[in-house]
Amino acid sequence: MPIISVMNYKGGVGKTTLTANLGAEIANTGRRVLLLDLDPQANLTFSFYTVEEWQDELRETRTIKRWYDGEQPGRDVALADLVVTPPRVNAVLGNGGQLDLIPSHLGLINIDLELAAQLGGTTLAGSKRKFLQVHGCLAEALGAPKFADYDLVLIDCAPNFGLVTKTAIVASDYVLIPARADYLSTLGIGYMVGSCDHLRDEYNAYLGHDSGTHSMPATIDPQILGVVFTMIQTYAGQPIAIQHNAIEQVRANADAPVLNGMIRNSPRIFGEAGATGVPSILRVPKDDEVAMEFRVLVDEFMGVLGR
């Protein structure tokens, strides 16, 4: 079960659109996919549920905030108990696939402070155990038997490197980086890759101390799966010159591999995201040019995963 965090420090790069449509298309091929919304903006959640449905059905008891709340994540509720199956998208999935979701909550923005309060200890060894407990909490939870049947987990991360995001990175096998092909969207890619590497090294260095939990892997090694360029403007079937140059610059810097598949800027296709509860890729004709391009990206993505 590969676990992939989708993240970029820069907002507005199509991160949630990519996560929702990627998850939906993979589920439509007959796989079981779990989406985990760790962004306090909850846009991934609102891609499948209306605000009214979230308020009436999810807000109080079925969001990831409830799991993180309290003195220790998961103390009051099991992560698996928060999984919901959005009805509208699952009604149109083919090949026996299923798409599940752990919803987010706008109050998740305060959880970093609550997690920070759990760090520290009276001794160096105690501090290291607390570090492992806090940073490894999501990895341990996703290791529960109830998640073993999923073929894939996609985590939509907030555009920061706070503690909640760090718990996602520790739990992940891969990191996928959506980016617009412009200077500001690509500026932080190298720094973000370095932050992930630093977190990996720090976490693994502390593993010699008993964390009090024994289901976490001995070491972590989240790999950068690749950069996916989004909102591409095309001319004669290719990115326009200024975007092409930005893409090639990222390739040349080699901070992260760049996937060949891209997402075209298409308000016609992606402009109504969330309005129907069904991601765009499942609502357009299969022979639509943008849809076919997206499926090429999905095939490449799954190929990198060996799936």
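Starting from 1, each residue takes its place in the sequence as its number.
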What's the shortest heavy-atom distance between S104 and I64, and which atoms?
CA-CG2, 4.0 Å
Between the OH atom in Y49 and the CG atom in D56, the distance rounded to the nearest 0.5 Å is 12.5 Å
Close side-chain approach of D255 to Y191, heavy-atom, < 4.5 Å:
no
Crowding at CD1, I242 (>12 non-hydrogen neighbours, <6.0 Å)
no
Distance alone, cut at 3.5 Å: any donor-acceptor contact between the side chains of T219 and Y203?
no
Could you report the tightest heavy-atom contact between V298 and E25, atom names first, then the distance?
CG2-CG, 3.8 Å
Is the closest basic N to carboxylate O distance between K15 and D39 below 4.0 Å?
yes
Considering the options R66, R62, K65, which one meets the side chain to side chain contact (heavy atoms under 4.5 Å, CB included) requirement together with H105?
K65
Indicate yes or no for a side-chain donor-acceptor contact from D81 to the backbone of V77 under 3.5 Å, with no hydrogens or angles considered.
no
Please step through side-chain hydrogen bond (donor to acceptor under 3.5 Å, both in side chains) for the pair D100 and Y150, ending with a clear verdict.
CA-CA 9 Å; D100 289 342; Y150 286 104; 2.5 Å; yes
Could you please spell out the steps behind the side chain to side chain contact (heavy atoms under 4.5 Å, CB included) verdict for V296 and N260?
CA-CA 9 Å; V296 169; N260 293 317; over 6 Å; no
Please round to the nearest 0.5 Å and tell me the distance separating atom CG of L142 and atom CD1 of I102.
6.5 Å
Which atom pair, heavy atoms only, marks the closest approach of I220 to V170?
CG2-O, 3.7 Å
Heavy-atom nearest pair, H135 first then L199, reads CD2-CD1, 3.8 Å
Close side-chain approach of E293 and R264, heavy atoms under 4.5 Å
yes
Between the side chain of N28 and the main-chain N/O of G97, is any donor-acceptor distance below 3.5 Å?
no
Assign the ring pair Y9 / F161 to parallel, tilted or perpendicular, where the plane angle (0 to 90°) is split at 30° and 60°.
perpendicular
side-chain hydrogen bond (donor to acceptor under 3.5 Å, both in side chains) assessment of D37 paired with T45
CA-CA 7 Å; D37 192 354; T45 299; 2.8 Å; yes
For residues 175-187, which side-chain donor-acceptor pairs fall under 3.5 Å, sequence neighbours excluded?
unit_1	atom_1	unit_2	atom_2	d
D182	OD1	L184	N	3.4
D182	OD1	S185	N	2.8
D182	OD1	S185	OG	2.9
T186	OG1	D182	O	3.0
T186	OG1	Y183	O	3.3

Return yes if some donor-acceptor pair links the side-chain N/O of R88 with the main-chain N/O of T276 below 3.5 Å, else return no.
yes
Return the CD1 to CG distance between I224 and D197, rounded to the nearest 0.5 Å.
7.0 Å
For the pair T29 and M302, evaluate side chain to side chain contact (heavy atoms under 4.5 Å, CB included) and give the outcome as yes or no after the intermediate values.
CA-CA 11 Å; T29 64; M302 296 301 287; over 6 Å; no
Test your reading of the model: is there a side-chain donor-acceptor pair from T167 to the backbone of V164, 3.5 Å cut-off?
yes
Side-chain donor or acceptor of N160 paired with backbone N/O of G162 under 3.5 Å
yes
Is the number of heavy atoms from other residues, nucleotides or ligands under 6.0 Å of I109 CD1 greater than 12?
no
Would you say the side chain of F229 lies within less than 4.5 Å of the side chain of Q243, judging by non-hydrogen atoms?
no
Please confirm whether the backbone N or O of L163 pairs with a side-chain atom of D112, one donor and one acceptor, at under 3.5 Å?
yes
In Å and rounded to the nearest 0.5 Å, what is the CZ to CG distance from F294 to N21?
5.0 Å
Quick check for you: to the nearest 0.5 Å, what is the distance between C157 atom SG and I169 atom CD1?
5.0 Å
Whether the D156 and T16 side chains hold a donor-acceptor pair (N or O, under 3.5 Å, no angle test) is what I'd like checked.
yes
Closest approach of L152 to M1 (non-hydrogen atoms, all atoms of both residues)
N-CG, 4.3 Å
Would a distance-only check, ignoring hydrogens and angles, find a side-chain to backbone donor-acceptor pair under 3.5 Å from D288 to V284?
no
With clusters defined by side-chain heavy atoms of hydrophobic residues (ILVMFWY) lying less than 4.5 Å apart, directly or transitively, does V13 cluster with L225?
no
Checking the side chain of N8 only, and the main-chain atoms of K10 only, is there a donor and an acceptor separated by less than 3.5 Å?
yes
Counting distance only, does the side-chain N/O of R283 pair as donor-acceptor with the main-chain N or O of V278 below 3.5 Å?
yes
N204 vs E202, side-chain hydrogen bond (donor to acceptor under 3.5 Å, both in side chains): CA-CA, chis, key distance, verdict:
CA-CA 6 Å; N204 290 340; E202 187 175 21; over 6 Å; no
Which heavy atom of A168 sits nearest a heavy atom of L38, and at what distance?
CB-CD1, 3.7 Å
Distance (rounded to the nearest 0.5 Å) between N265 CG and T230 OG1
8.5 Å
Would you say CD of E248 has more than 12 non-hydrogen atoms from neighbouring residues, nucleotides or ligands within 6.0 angstrom?
yes
If only atom types and distance count, is the side chain of D173 paired as donor or acceptor with the main-chain N or O of I3 below 3.5 Å?
yes
If you define the side chain from C-beta out and look only at heavy atoms, does anything of E53 sit under 4.5 Å from L58?
no
Residues I281, K286; criterion side chain to side chain contact (heavy atoms under 4.5 Å, CB included); working and verdict:
CA-CA 9 Å; I281 194 64; K286 290 185 180 297; over 6 Å; no
